[in-house]
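All chains are named by letter (A, B, ...) in the order of the sequence lines, taking the proteins before the strands, and each is independently numbered beginning at 1.
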Protein chains: 2
Amino acid sequence: MYRPFREWNNLMTLRKKERTYSRYCRDAAQLLGKLIQLARKERRFSESDLADRAGISRSTLQRIEKGDLTCEMGLVFEVATIVGIKLFEADSRFLTMQIERADDKIALLPKTIRKSDKNLDDDF
Amino acid sequence: MYRPFREWNNLMTLRKKERTYSRYCRDAAQLLGKLIQLARKERRFSESDLADRAGISRSTLQRIEKGDLTCEMGLVFEVATIVGIKLFEADSRFLTMQIERADDKIALLPKTIRKSDKNLDDDF
DNA sequence: CCAATATGACTCATATATAGATCACAAAAT
DNA sequence: ATTTTGTGATCTATATATGAGTCATATTGG
């Protein structure tokens with residue numbers, strides 16, 4: 001009974017962001033979604049089961065399994081983790097090591113990047 | 001000068017979803033962020049450069065590089081792709097093959113999963 | 001066959017992410 | 001040293017994802 005923005009939202013319904021993603025990006029998300037669905041079924045979880053475990057709604061899980069790119073990264077990662085899919089193909093301890101390694105390498109680079117001469121699209 | 005929801009938002013400011021994520025999930029996002037930042041600096045892109053290329057704002061890129069789990073998956077994947085980070089360590093053609101393989105394996109499993117007897121936390 | 005339930009595809013209100021701006025400060029380039 | 005530009009950290013309005021339904025259909029177990 002409290003729907004103050006209803007009509008305004010309806011007026012704006014037609015405007016969608018319509019963002020473009022690269023092919024690789026779309027494929028990666030789709031694959032991840034299918035791997036999640038496969039792992040879920042192998043473990044004999046229904047959509048509701050997995051959604052409950054992850055603390056998300058069933059509709060959101062459905063979007064994740066479809067590879068919807070607009071899903072929140074944390075939700076996707078969490079679901080993947082629950083069904084046993086290792087992102088980065090490494091366990092938690094190794095992740096920490098890699099984080100430290102990345103930190104070290106970043107520390108060696110200049111802290112701010114500026115275009116020295118006219119390097120437009122270099123290093124390709 | 002047009003701030004109709006201002007006070008209402010301020011009233012609700014304290015309510016945050018406060019979702020919990022697993023350790024692995026947080027580490028994975030943090031590592032991915034750092035890898036993106038490292039790749040960006042190696043390619044000598046400023047934050048604004050990369051943000052423009054990805055079609056996102058600088059503030060969003062900053063959140064991504066920090067490993068903020070609430071970022072949109074598509075934005076993170078897109079940025080990663082631009083700086084040359086391969087998710088899944090495979091190129092696009094191989095991704096498509098893997099998607100098909102996943103489809104095949106899913107097709108072999110029952111289309112709907114139901115708890116036959118009393119399998120609570122099996123397969124561990 | 002049938003009854004129970006999983007899935008797919010919607011809708012809507014609300015919670016929340018994003019864009020864009022501003023600010024102070026840091027650090028390169030000259 | 002001075003100027004220019006990158007970075008870090010905020011804030012707000014708006015755009016959009018999420019949760020929670022509903023309905024129809026499919027599919028499995030019994």
Side-chain angles (χ1 to χ4, degrees), chain A residues 1-19 29 33 37 40-41 44-52 54-66 68-76 78-79 106-107 109-119, chain B residues 1-19 29 33 37 40-41 44-52 54-66 68-76 78-79 106-107 109-119:
Chain A
M1 288 309 104
Y2 179 59
R3 48 185 69 178
F5 313 139
R6 171 74 178 285
E7 289 121 38
W8 183 85
N9 279 337
N10 283 345
L11 282 175
M12 306 304 272
T13 294
L14 305 180
R15 294 156 132 294
K16 268 284 187 173
K17 172 161 284 182
E18 204 57 55
R19 196 189 291 275
Q37 184 176 58
R40 172 176 67 79
K41 294 195 167 188
R44 305 198 66 75
F45 289 159
S46 69
E47 292 178 354
S48 297
D49 289 338
L50 181 51
D52 287 347
I56 65 177
S57 65
R58 189 167 74 91
S59 47
T60 298
L61 175 61
Q62 289 178 329
R63 295 199 306 125
I64 290 173
E65 291 191 351
K66 275 203 211 166
D68 190 326
L69 284 163
T70 68
C71 292
E72 209 177 88
M73 173 173 56
L75 305 187
V76 182
E78 190 70 21
V79 169
I106 289 172
L109 293 170
K111 296 187 181 56
T112 68
I113 306 291
R114 30 204 345 178
K115 334 212 79 62
S116 51
D117 349 337
K118 61 263 188 187
N119 49 350
Chain B
M1 292 311 105
Y2 177 61
R3 47 186 69 177
F5 312 138
R6 172 73 176 285
E7 288 119 39
W8 184 84
N9 279 338
N10 282 346
L11 281 175
M12 304 305 272
T13 293
L14 304 181
R15 293 157 132 294
K16 269 284 187 175
K17 174 161 285 185
E18 204 58 55
R19 195 190 292 275
Q37 184 175 59
R40 171 176 68 79
K41 293 195 168 189
R44 306 199 66 74
F45 289 159
S46 68
E47 292 178 354
S48 298
D49 289 338
L50 181 53
D52 288 347
I56 64 176
S57 66
R58 190 167 74 92
S59 48
T60 298
L61 176 60
Q62 288 178 330
R63 293 200 306 126
I64 290 173
E65 290 191 351
K66 275 203 211 165
D68 189 326
L69 283 163
T70 68
C71 293
E72 209 178 88
M73 173 175 55
L75 305 187
V76 182
E78 190 69 23
V79 169
I106 289 172
L109 294 171
K111 296 186 181 57
T112 70
I113 306 292
R114 30 203 347 175
K115 334 212 78 62
S116 51
D117 348 337
K118 61 263 190 188
N119 48 351

Visitor: Measure CD1/A:Ile64 against P/C:dG8 and give the value in whole Å, please.
Guide: 14 Å
Visitor: Ignoring backbone atoms, test whether B:Thr60 places a side-chain nitrogen or oxygen under 4.0 Å from the OP1 or OP2 oxygen of C:dA19.
Guide: yes
Visitor: Would you name the heavy atoms of B:Met73 and A:Asp68 that are closest together and state the gap between them?
Guide: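 Taking B:Met73 first and A:Asp68 second, the nearest heavy atoms are CE-O, 3.2 Å.
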Visitor: Round to a whole Å and report the spacing from CG of B:Leu50 to P of D:dG6.
Guide: 13 Å
Visitor: Between atom CZ in A:Phe45 and atom P in C:dT7, what is the gap in whole Å?
Guide: 12 Å
Visitor: If you only use heavy atoms from C-beta on, which nucleotide in D:dT7, C:dT5, D:dG19 is closest to the side chain of B:Arg114?
Guide: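 Selected nucleotide: C:dT5.
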Visitor: For the side chain of A:Lys111, counting heavy atoms from C-beta on, which of C:dA27, D:dG19, D:dT28 is nearest?
Guide: C:dA27
Visitor: Apply the test side-chain hydrogen bond (donor to acceptor under 3.5 Å, both in side chains) to residues B:Ser46 and B:Ser48: give CA-CA distance (whole Å), side-chain angles for both, the deciding distance (0.1 Å), then the verdict.
Guide: CA-CA 5 Å; B:Ser46 68; B:Ser48 298; 4.7 Å; no
Visitor: Return the value, rounded to whole Å, for the distance between atom CG of A:Asp68 and atom P of D:dA17.
Guide: 7 Å
Visitor: Quick check on C:dT7: is either OP1 or OP2 less than 4.0 Å from any side-chain nitrogen or oxygen of B:Thr112?
Guide: no
Visitor: Between B:Arg19 and A:Gly55, is there a donor-acceptor pair closer than 3.5 Å when you use the side chain of the first and the backbone of the second?
Guide: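 Present.
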Visitor: Can you measure B:Glu47 atom CD to C:dG20 atom P for me and round it to whole angstrom units?
Guide: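 Nearest whole value for this atom pair: 16 Å.
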Visitor: What's the CD1-C1' distance between B:Ile106 and C:dA6, to the nearest Å?
Guide: 15 Å
Visitor: How close do A:Glu65 and A:Gln37 get, counting heavy atoms only, and between which atoms?
Guide: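 Nearest pair, atom of A:Glu65 first, then A:Gln37: OE1-NE2, 3.2 Å.
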Visitor: Show the nearest heavy-atom pair for residues B:Arg40 and B:Leu61, with the distance to one decimal.
Guide: CD-CD2, 4.4 Å
Visitor: May I ask you to say what A:Gly74 touches in the nucleic acid, namely base, sugar-phosphate or nothing, with a heavy-atom cut-off under 4.0 Å?
Guide: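 Nothing: the residue A:Gly74, judged by heavy atoms under 4.0 Å, touches no strand.
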Visitor: What nucleotide among D:dT28, C:dA28, C:dA9 has an atom nearest to a side-chain atom of A:Arg58?
Guide: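 Of all the options, the side chain of A:Arg58 is nearest to C:dA9.
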Visitor: Starting at atom CD1 of A:Ile113, determine the distance to atom P of C:dA28, rounded to an integer number of angstrom.
Guide: 9 Å
Visitor: When you get a sec, tell me which of D:dA9, D:dG29, C:dA9 is the closest nucleotide to the side chain of B:Lys66?
Guide: D:dA9
Visitor: Phosphate oxygens OP1/OP2 of C:dA17: is one of them under 4.0 Å from a side-chain N or O of A:Arg19?
Guide: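 A:Arg19 to C:dA17 OP1/OP2: no side-chain N or O under 4.0 Å.
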Visitor: Starting at CG of B:Leu69 and ending at P of C:dA17, how long is that distance when rounded to a whole Å?
Guide: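 The answer, rounded to whole Å, is 11 Å.
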Visitor: Consider the side chain of B:Ser59, meaning its heavy atoms from C-beta on, and name the nucleotide among C:dA27, D:dG8, D:dT10 that approaches it most closely.
Guide: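 Per side-chain heavy atoms of B:Ser59, the pick is D:dT10.
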Visitor: Nearest to the side chain of B:Ser57 - C:dG8, C:dG20, D:dA17?
Guide: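 Shortest atom-to-atom distance from the side chain points to C:dG20.
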Visitor: Starting from the 5' end of DNA chain C, give me the residue, B:Glu72 or A:Gln62, whose nearest nucleotide shows up first.
Guide: A:Gln62
